[in-house]
Every structure is written in structure tokens, then in C-alpha cells.
Amino acid sequence: MKLRGLYAITDSQLLAGKFLAYVEAALDGGVTLLQYRDKSSDEARRLREAEKLHELCSRYKTQLIINDDAELAARLGVGVHLGQTDGPLTPARALLGSRAIIGATCHSQIELAEQAAREGASYVAFGRFFNSTTKPGAPAATVEMLAEARTRLQLPICVIGGVTLDNAEPLVAHGADLLAVVHGLFGADSTQEVTRRARAFNALLKI
Ligand SMILES: Cc1ncc(COP(=O)(O)OP(=O)(O)O)c(N)n1
Ligand SMILES: Cc1nc(C(=O)O)sc1CCOP(=O)(O)O
Ligand SMILES: [Mg+2]
């Protein structure tokens, strides 16, 4: 399966009180990957929410990815996204199996992406490309680096960090396959606007 499209990422603060309604609105507009990202240590809530998202994703035929937590991903039989300090890819691949989607954060370093490819990643993520209110401290990446990465990597490339409908086009033009978005999708005033944004991101990717 070619991974290309909108990669919606949840944010527990931003989505407080409207979590499932906004996620469903995004799925309705078309989401290739949905990442459950919750940085809290409330494991019971994390399991409950991830189970609900799994059910919703199954209904919309969207792939669910769990941020940081390969064990939780294994429990649900879904994919995982791992950053540079979230544990190695090789055991995660062994745990989740050959068909699971496993993503790796590579910041702006193509060498990290080449290593992730060797270790069995399904996609590599570069960022942050723009200012991000969700993760303001993330290291910066450039479109020049993205263009170079496109020539060197066969894997799907995900871009992240401050991506919006107004700034995503050059990222697509320079080789991005997956647009990973929190605020630019879910920072909307209504479910209708979330669906509209999801459709517009897909249009940018010609999906
Ligand atoms: C698609 C995608 N790309 C990058 C990240 C960031 O991962 P990480 O560096 O581990 O930071 P946290 O998200 O865990 O704070 C991501 N989650 N998803
Ligand atoms: C989770 C995350 N990781 C990043 C990185 O650069 O690795 S930027 C980021 C936040 C993405 O949220 P928003 O679309 O609201 O900027
Ligand atoms: Mg992480």
C-alpha cells in the first residue's frame, strides 16, 4: 500500500470536550493515517481512547497509529510512531509484525531516515517546517532538505510542524507524501470546518 494523504494527529488539550466528534469529522473528509497522540501517563484513559479511535478508524477504513507506545499498538493490532528517544525500530517491527505501519521521526537529518529505512520503518517524518503551537521546541527543517531527502529515499515521506492549508503546497511540491497536521486541521470552530479542511488537504495531494 502506497502511503499518501492526510495524516491527522490528535491533541488531548485541543480536542477536550469534542474529541470523537472532531476526529469523526476529519475521517469523514478523508484521512490516510490517524495518530493517537496523548503525552499523559494515564494508561487507563489512553487505552479507552485508543480503543474508541480503533473502532472509528475501522468504520472509515483509516489506519490507526499510536504515538510513542509500541505495547499499546500491539495490544490493538495497529501501527506505531516512534521518535528518536521512544525506543528502537527493530524490536517494534518484531513485536508488531511485517504488515504494521511503523513511522520514525527524523527531524531534519536524512541519515536518520536512511537508518530508519534499514531498520524497517514504513515512513519517515521530517519537521518541523513551520512554527508549531503544538510542539514549539521541535527542531527546524527546510524544504531544501526535503527535496534532497526525496532524491535519496524510496520510503514515503511525512512532513510535520505548523502545516496548514496555506503553507502545505510547497511541501507537496518538494516531495511530501503525508501531511501530518494537528492545529491546521483540528484548530477549527466546527466539525464542518474540520471536514472541509480534510478535503482541502487531500485536494492539495491530488487524492
Ligand atoms: C508523524 C509524526 N512525526 C513526528 C512526530 C514527533 O515524534 P517525537 O519526536 O517522538 O515527539 P512526540 O510526538 O512524541 O512528542 C510525531 N509524533 N508524528
Ligand atoms: C508532534 C510534532 N512533532 C513535530 C516534529 O517536528 O517532530 S512538530 C509536532 C506538532 C505538530 O502539530 P501542529 O500541526 O499543530 O504544528
Ligand atoms: Mg515520541
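Side-chain atoms are counted along with the backbone in the values below, which use heavy atoms only and exclude waters and symmetry mates. Note that ligands are numbered from 1 as they come in the structure, with each ligand's atoms numbered from 1 the same way. Quick caveat, the model's predicted, so the values are computed rather than measured.
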- [ ] Could you tell me whether D68 approaches ligand 1 through its side chain, its backbone, both or neither, with non-hydrogen atoms closer than 4.0 Å?
- [x] side chain

TODO: Return the residue, atom name and 0.1 Å-rounded distance of the protein heavy atom closest to atom 1 (C) of ligand 1.
DONE: Y7 CE1, 3.5 Å

Task: Residue and atom name of the nearest protein heavy atom (relative to atom 2 (C) of ligand 1), distance in Å to one decimal - done: H81 CE1, 3.3 Å

Task: Any donor-acceptor N/O pair, Q63 side chain to I101 backbone, under 3.5 Å - done: no

Open item on the list: Strictly below 4.0 Å, N to O, side chains only: are K52 and E49 in salt-bridge contact?
Closed with: no

Task: Electrostatic pair D68-R37, nearest N-O below 4.0 angstrom - done: no

Task: Within-4.5 Å side-chain heavy-atom neighbours: T164 and H183 - done: no

Open item on the list: Geometry only, no angles: is Q35 polar-contacting ligand 1 at N/O separations under 3.5 Å?
Closed with: yes

- [ ] Could you note down all residue pairs passing ring pair (Phe, Tyr, Trp, His ring centres under 6.0 Å) where residues 64-109 supplies at least one of them, sequence neighbours left out?
- [x] H81-Y123

TODO: Please indicate whether any nitrogen or oxygen in K39 is less than 3.5 Å from any nitrogen or oxygen in ligand 1.
DONE: yes

- [ ] Using a strict 4.0 Å threshold on nitrogen-to-oxygen distance, state whether R93 and E119 make a salt bridge.
- [x] no

- [ ] Indicate whether the side chain of T90 and that of R118 have a donor and an acceptor atom separated by less than 3.5 Å.
- [x] no

Open item on the list: Do the side chains of E51 and R46 get close enough for a salt bridge, i.e. N-O under 4.0 angstrom?
Closed with: no

Open item on the list: Listing by chain and number, which protein N, O or S atoms are under 2.8 Å from the Mg ion (ligand 3)?
Closed with: D68 OD1, D86 OD2

Open item on the list: Taking the side chain as everything from C-beta on, heavy atoms only, tell me whether L185 gets closer than 4.5 Å to L6.
Closed with: yes

Task: Identity and distance of the protein heavy atom lying nearest atom 7 (O) of ligand 1 - done: T105 OG1, 2.9 Å

Open item on the list: Can you confirm whether H174 sits close enough to E144 that some side-chain heavy atom of one is under 4.5 Å from a side-chain heavy atom of the other?
Closed with: no

Task: Heavy-atom gap Q84 to ligand 1 smaller than 4.0 Å - done: no

Task: Charged N-O contact under 4.0 Å between R150 and D177 - done: yes

Task: Proximity to ligand 1 by part of D86, non-hydrogen separation under 4.0 Å - done: side chain

Task: Qualifying ring pair (Phe, Tyr, Trp, His ring centres under 6.0 Å) pairs with a residue from residues 137-169, counting only residues at least two apart or across chains - done: none

TODO: For C158, counting its heavy atoms only, list the atoms of ligand 1 lying under 4.0 Å from any of them.
DONE: 1 (C)

Task: Test side-chain hydrogen bond (donor to acceptor under 3.5 Å, both in side chains) applied to D11 and T134, step by step - done: CA-CA 8 Å; D11 179 287; T134 309; 4.6 Å; no

Open item on the list: Ignoring hydrogens, what is the shortest heavy-atom contact between A116 and V124? Give both atom names and the distance.
Closed with: CB-CG1, 4.0 Å

Open item on the list: Suppose I only count heavy atoms of A125 and a 4.0 Å limit; which atoms of ligand 1 are within that range?
Closed with: 3 (N)

Open item on the list: For a 4.5 angstrom cut-off between non-hydrogen side-chain atoms, does I9 reach Y7?
Closed with: yes

Task: Over all atoms of both residues, closest heavy-atom pair of F126 and I157 - done: CD1-CG2, 3.7 Å

Task: Min N/O separation R37 to ligand 1 under 3.5 Å - done: yes

TODO: Tell me which protein heavy atom sits closest to atom 11 (O) of ligand 1, plus the residue, atom name and distance to 0.1 Å.
DONE: K135 NZ, 2.8 Å

Open item on the list: Just to be sure I understand the cut-off, which residues have at least one non-hydrogen atom under 4.0 angstrom from an atom of ligand 2?
Closed with: R37, G127, R128, S132, T134, K135, A138, I160, G161, G162, V181, V182, H183

Task: Close approach of G103 to ligand 1, heavy atoms, under 4.0 angstrom - done: no

